Amino acid sequence: MNKIRKYFRDNSYIVALTVVTIVVGVLHFATNDMSSQIWIRQSTANLFITILGIWITVLCIDQIIKKKEQREKNRLLDVAYREISRALEWYLFCLDRIYRVSSNGKPEFKDTYREMYDTDHFREAFLNCDFSKIAGYQNCTSGQFLHSRTNDFIANIDKIISKYSFVLDSDTLRWLELLKGHIFVTVSSQMENPEGKRDVIYGFYNEFLKLLFVIEEIIVSKSGNLKLASSHVRSMWDDESFEKLGAARFDSNN
């Protein structure tokens, strides 16, 4: 019932045409046997047919416009989901570089980042990473690299929200806003000097990652496109052109 009411509120012209059509029709058929009012019958008959034709034309045009608008909305949603997916995959790849330099050995490889990061091996690597060491992949420390990439990622998400908030549903927007406002975004600036609170920081980090994967699940589910799910890039771990495995650990001499 609410949907019907909303439809008529949004399409008041259809209601007006319907009322006029009914009134004209009643006038026409009510005067069917009144010879003294033949002129009314003739006039209303022509008017009835004209209005009925207009009503049908308007309804058809309205449906065509709505279908076109829906196609455009679906196109924009597809673009938005793809941009979110690319932002997530880029950020997860950056995190994997930190995982590599803080790992005491190659992990048991999984198909997805979610499976890779939900392990004791990943937690151990984070807790033993010396974020004050210069990262071989950037002219900065690993802590600065993590904070910088986190800020870049959040900036990308903010741009996506600004561009596509009018087509994204409220649930997706709510999760994106939660991601933007998560405490880890701020805490990531303190990686070089955690003051013995590494477990606490890891807790924030883990929560932040879980938010990423929830958003990934949402866009894959809503789009129906399994290709939007990020896949772990194992080749980076085997590529010798990348930084040395374990180079940023506390027990590393590098």
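All values reported here derive from a predicted model rather than from experimental measurement. Throughout, residue positions are numbered sequentially from 1 according to the sequence presented.
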Taking atom CG of D96 and atom CG of L92, what is their separation to the nearest 0.5 Å?
8.0 Å
Does the Lys NZ or Arg CZ of R149 fall within the cation-pi geometry relative to Y91 - under 6.0 Å from the ring centre and within 45° of the axis?
no
Could you check whether S230 and E216, counting side-chain N and O atoms only, form a donor-acceptor pair closer than 3.5 Å?
yes
Could you grab the distance from atom CG of L176 to atom CG of D171, nearest 0.5 Å is fine?
9.5 Å
Indicate yes or no for a side-chain donor-acceptor contact from K244 to the backbone of V101 under 3.5 Å, with no hydrogens or angles considered.
no
Nearest 0.5 Å, please: how far is CD in Q70 from CG in L77?
8.0 Å
Sorted by chain and residue number, the side-chain hydrogen bond (donor to acceptor under 3.5 Å, both in side chains) partners of H147 (sequence neighbours excluded) come out as N151, S188
Non-neighbouring partners of T119 that pass side chain to side chain contact (heavy atoms under 4.5 Å, CB included), sequence neighbours left out:
Y99, H121, F122
Please name the pair of heavy atoms, one in L179 and one in I154, separated by the smallest distance, quoted to 0.1 Å.
O-CD1, 3.8 Å
Any heavy-atom pair between the side chains of M191 and F145 that's under 4.5 Å?
no
Show the nearest heavy-atom pair for residues W237 and P107, with the distance to one decimal.
CZ3-CD, 3.3 Å
Partners of R82 by salt bridge (charged side-chain N to carboxylate O under 4.0 Å, His left out), sequence neighbours excluded?
D78
List in chain and number order the residues that pass salt bridge (charged side-chain N to carboxylate O under 4.0 Å, His left out) with E83, two or more places apart in sequence or in another chain; answer none if no residue qualifies.
K163
Hey, mind stepping through R75 and E72 against salt bridge (charged side-chain N to carboxylate O under 4.0 Å, His left out) and telling me if it holds?
CA-CA 5 Å; R75 185 188 71 80; E72 179 63 12; 2.8 Å; yes
For S132, check side-chain hydrogen bond (donor to acceptor under 3.5 Å, both in side chains) against everything at least two apart and list the hits.
D130
Test side chain to side chain contact (heavy atoms under 4.5 Å, CB included) applied to E217 - qualifying residues, sequence neighbours left out:
R114
Are E69 and K66 within salt-bridge range, i.e. N to O under 4.0 Å?
no
Test salt bridge (charged side-chain N to carboxylate O under 4.0 Å, His left out) applied to K73 - qualifying residues, sequence neighbours left out:
none
What are the two closest non-hydrogen atoms of L173 and S165, and how far apart are they?
CD1-O, 3.7 Å
Minimum heavy-atom distance S102-C129, with the two atoms named
CB-CB, 3.4 Å
Report the C-alpha distance between F153 and L88 in whole Å, list the side-chain angles of each, state the deciding distance to 0.1 Å, and finish with yes or no for side-chain contact (heavy atoms from CB on, under 4.5 Å).
CA-CA 8 Å; F153 170 63; L88 289 172; 3.6 Å; yes
For D169, salt bridge (charged side-chain N to carboxylate O under 4.0 Å, His left out) partners two or more places apart:
K222
Does Y81 reach the main-chain N or O of I218 with its side chain, forming a donor-acceptor pair under 3.5 Å?
no
Could you tell me the separation between the CZ atom of R174 and the CG atom of L168, rounded to the nearest 0.5 Å?
14.0 Å
If you take all heavy atoms of I98 and S142, which pair is closest and at what distance?
CD1-O, 4.1 Å
Residue pair M236 / R100: nearest heavy atoms and the distance that separates them:
O-NH1, 2.8 Å
Could you state the interatomic distance from SG (C140) to NZ (K133), rounded to the nearest 0.5 Å?
15.0 Å
Going by the ring-ring contact (aromatic ring centres under 6.0 Å, His included) test, which pairs reach into residues 155-193, not counting sequence neighbours?
H182-F208, F184-Y205, F184-F208
Pair D118-Y113, side-chain contact (heavy atoms from CB on, under 4.5 Å): steps then yes or no:
CA-CA 8 Å; D118 188 22; Y113 285 102; over 6 Å; no
Would you say CG of N128 has more than 12 non-hydrogen atoms from neighbouring residues, nucleotides or ligands within 6.0 angstrom?
yes
Side-chain (E115) to main-chain (T112) donor-acceptor, under 3.5 angstrom
yes
Looking at D120, I want to see if its CG is surrounded by more than 12 non-hydrogen atoms of other residues, nucleotides or ligands under 6.0 Å.
no
H232 versus D111, side-chain donor and acceptor atoms under 3.5 Å:
no
So, N156 versus W90: side-chain donor-acceptor pair below 3.5 Å or not?
no
Across all chains, not counting sequence neighbours, the side-chain hydrogen bond (donor to acceptor under 3.5 Å, both in side chains) partners of D158 are K180
Side-chain heavy-atom pair E207, K210 within 4.5 angstrom cut-off
no
Output the rest of the hydrophobic cluster of I64: all Ile, Leu, Val, Met, Phe, Trp and Tyr residues reachable through side-chain heavy-atom contacts under 4.5 Å, sorted by chain and number.
none
Please list, chain by chain and in numerical order, all residues satisfying side-chain hydrogen bond (donor to acceptor under 3.5 Å, both in side chains) with K110, sequence neighbours excluded.
E108
With the threshold set at 4.0 Å, does a side-chain nitrogen-carboxylate oxygen contact exist between K106 and D238?
yes
If hydrophobic clusters are built by linking Ile, Leu, Val, Met, Phe, Trp and Tyr wherever their side-chain heavy atoms come under 4.5 Å apart, do I215 and L226 end up in the same one?
yes
Quick one: does any side-chain atom of Q144 pair with a main-chain N or O of T141 as donor and acceptor, under 3.5 Å?
yes
Drop me the distance from L146's CG to L95's CG, to the nearest 0.5 angstrom.
6.5 Å
